[in-house]
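A short write-up of the structure that comes next.
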Amino acid sequence: MAQTISAQAKPRLSFWQIWNMSFGFMGIQFGFALQNANVSRIFETLGGTEIALYWLAAPVTGLLVQPIIGYLSDRTWSPVFGRRKPFFMVGALLASLSLFAMPNSSVLWMAVGMLWILDSSINISMEPFRALVGDLLPSEQRTRGFATQTFFIGIGAVVASSLPWIFNNWIGLPNTAPAGEIPPSVKWAFYSGGVVFFLAVLWTVVKTKEYPPEDLEEFHRENNETTFWQGVSETFFGIFRMPKTMLQLALVQFFTWFALFAMWIFTTPAVTSHVYGASDTTSKLYNEGADWVGICFAVYNGISAIFAFVLPVIAQKTSRKMTHLLCLVIGGIGLISIYFISNPTLLLVSMVGVGIAWASILTMPYAILAGSLPAKRMGYYMGVFNFFIVIPQIVAGSLLDFINKNIFHGESIYVLVVGGCSMIFAGFLTLMVKDVDEKTV
């Protein structure tokens, strides 16, 4: 019979147990990093002009996928496959196939559709990974658990963001192609990402042991007595019963992720035009700038991987809230500083600030949130929490193209300045959050 563990008596896990349960996040970040650094480039190559609008495909689906996956994973238990691990594997398989298909899109609508599928598949894997930390780690180890996930996110993103540059400069694959075609260096970056995504998640599935729900008999009884429509109601109306801490964090998340989506969507056009002075997507100069954006993204993710292990120390000496505030302010200054840069190499200095913020964004909100959530709804509320990543993406996709064209007259660099201001504002909103686990950092 499977061993059960009460919420009050979760054993402390060893370094390697936390390492193994977090390793799959490296694969997940391969998918996200390739998407974030290259999808705008793919859209522009295929003739797209409404870049932010095309990105709406992903978050609209996420509004449906994330709470459903969280709800279902809370109500799943198999003595063979576990609770969260079945969702890891399904998401990893679909995302890996999408990574192979995306760079082979021949027309714009196909690329938009593949973004839709890819982003949804990544979220099927990602949300249960967040819940797994809450499932398996006692409160005093949660900051370390989420920081370890952040480390793997950083490592995965460093490599994945650099892949087009690596394939071009180290292996010699062309980074240019005829009009309307994706360069070979980008294609092979996506193929490599598909393989790594699946294998990294498989490692966590094989190496991590999950415990069944604390009261297995009650768990089965609730599942049997819950009708389909009750499940639908719980899934889509539970948002109105969020814990207070979650609601306070939601505002912080909104302005944080608005800034991030401004950066991910507009860094390529901003850097290629403002720093490199190029707008022709078939030109060598434009593609050099686009490749350098990948290196910049690799740098901020590398900084986040290193800084992830500093975060618990700072949080122990101050608080999780103060740590998050400081990191977001530093990140916002980093984004704003891009406006003042003309030398591409100096962009790496800006990315240091963004990387410090990114480390905290992937760690502190989830560490604060996990302590305020009921154990049996951990997956569901982690999924609902992602609404406040998705909603700012929808707002960014709806507004930023209009603002860029009609207010900034196509000067995308100003969108990054707006993003920096938004991130700083989010930092100060952190002061209003109540961390119920503040003494167990």
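Bear in mind that the values here come from a model prediction, so they are computed numbers and not experimental data.
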Side-chain donor/acceptor pairs under 3.5 Å, residues 359-371, sequence neighbours excluded:
from, atom 1, to, atom 2, distance (Å)
S360, OG, H324, ND1, 2.6
T363, OG1, T150, OG1, 2.6
T363, OG1, A359, O, 2.9

Task: F30 side chain reached by I122 side chain, heavy atoms, under 4.5 Å - done: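 Side-chain contact under 4.5 Å: no.
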Task: Sub-4.5 Å side-chain heavy-atom contact between I182 and I42 - done: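 SC-SC contact between I182 and I42 confirmed.
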Task: Counterpart residues, salt bridge (Lys or Arg N to Asp or Glu O under 4.0 Å), relative to E44 (two or more places apart) - done: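 With neighbours one apart ignored, the set is empty.
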- [ ] Taking salt bridge (Lys or Arg N to Asp or Glu O under 4.0 Å) as the test, write out the residues that go with K405, two or more places apart.
- [x]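 Expected list: E50.
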Open item on the list: Exactly one of T204, T208, D135 should register a side chain to side chain donor-acceptor pair (under 3.5 Å) with R84. Which one does?
Closed with: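 Among T204, T208, D135, the one that satisfies the side chain to side chain donor-acceptor pair (under 3.5 Å) with R84 is D135.
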Open item on the list: Working note: F408 + V418, criterion side-chain contact (heavy atoms from CB on, under 4.5 Å); need CA distance, chi angles, decisive distance, verdict.
Closed with: CA-CA 11 Å; F408 298 148; V418 170; 3.8 Å; yes
Open item on the list: Between S96 and F197 (side chain of the first, backbone of the second, donor and acceptor by atom type, cut-off under 3.5 Å), is there such a pair?
Closed with: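 Answer holds: no.
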Task: side-chain contact (heavy atoms from CB on, under 4.5 Å) against S350, all qualifying residues, sequence neighbours excluded - done: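 S350 satisfies side-chain contact (heavy atoms from CB on, under 4.5 Å) with S337, I338, I341 once adjacent residues are dropped.
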[X] versus [Y], closest heavy-atom pair with distance:
X: P392; Y: Q253; result: CG-O, 4.4 Å
X: S161; Y: G294; result: CB-O, 3.2 Å
X: S273; Y: P269; result: OG-O, 2.6 Å
X: G419; Y: A259; result: O-CB, 2.9 Å
X: R320; Y: A315; result: CG-CB, 4.0 Å

Task: No-hydrogen, no-angle side-chain donor-acceptor test under 3.5 Å, N123 and D119 - done: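 Yes, D119 and N123 have a side-chain donor paired with an acceptor closer than 3.5 Å.
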- [ ] Report yes or no: do N175 and D291 form a side-chain donor-acceptor pair below 3.5 Å?
- [x]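 Result is yes, a qualifying pair exists.
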Task: Carboxylate-amine/guanidinium contact D435 K321, below 4.0 Å - done: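 Between K321 and D435 there is no salt bridge, as every charged N stays at least 4.0 Å from the carboxylate O atoms.
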- [ ] State which residues pass ring-ring contact (aromatic ring centres under 6.0 Å, His included) with F100; sequence neighbours excluded, sorted by chain then number.
- [x]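 Once residues adjacent in sequence are excluded, the partners of F100 under the ring-ring contact (aromatic ring centres under 6.0 Å, His included) criterion are Y191.
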Task: W203: ring-ring contact (aromatic ring centres under 6.0 Å, His included) partners, not counting sequence neighbours - done: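 ring-ring contact (aromatic ring centres under 6.0 Å, His included) check on W203 returns F23.
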Below 30° counts as parallel, above 60° as perpendicular, anything between as tilted: where do the rings of [X] and [Y] land?
X: W264; Y: F261; answer: perpendicular
X: F129; Y: F88; answer: parallel
X: F151; Y: F309; answer: tilted

TODO: Mind running side-chain contact (heavy atoms from CB on, under 4.5 Å) on L429 and F254 for me, showing each step along the way?
DONE: CA-CA 10 Å; L429 286 176; F254 179 89; over 6 Å; no
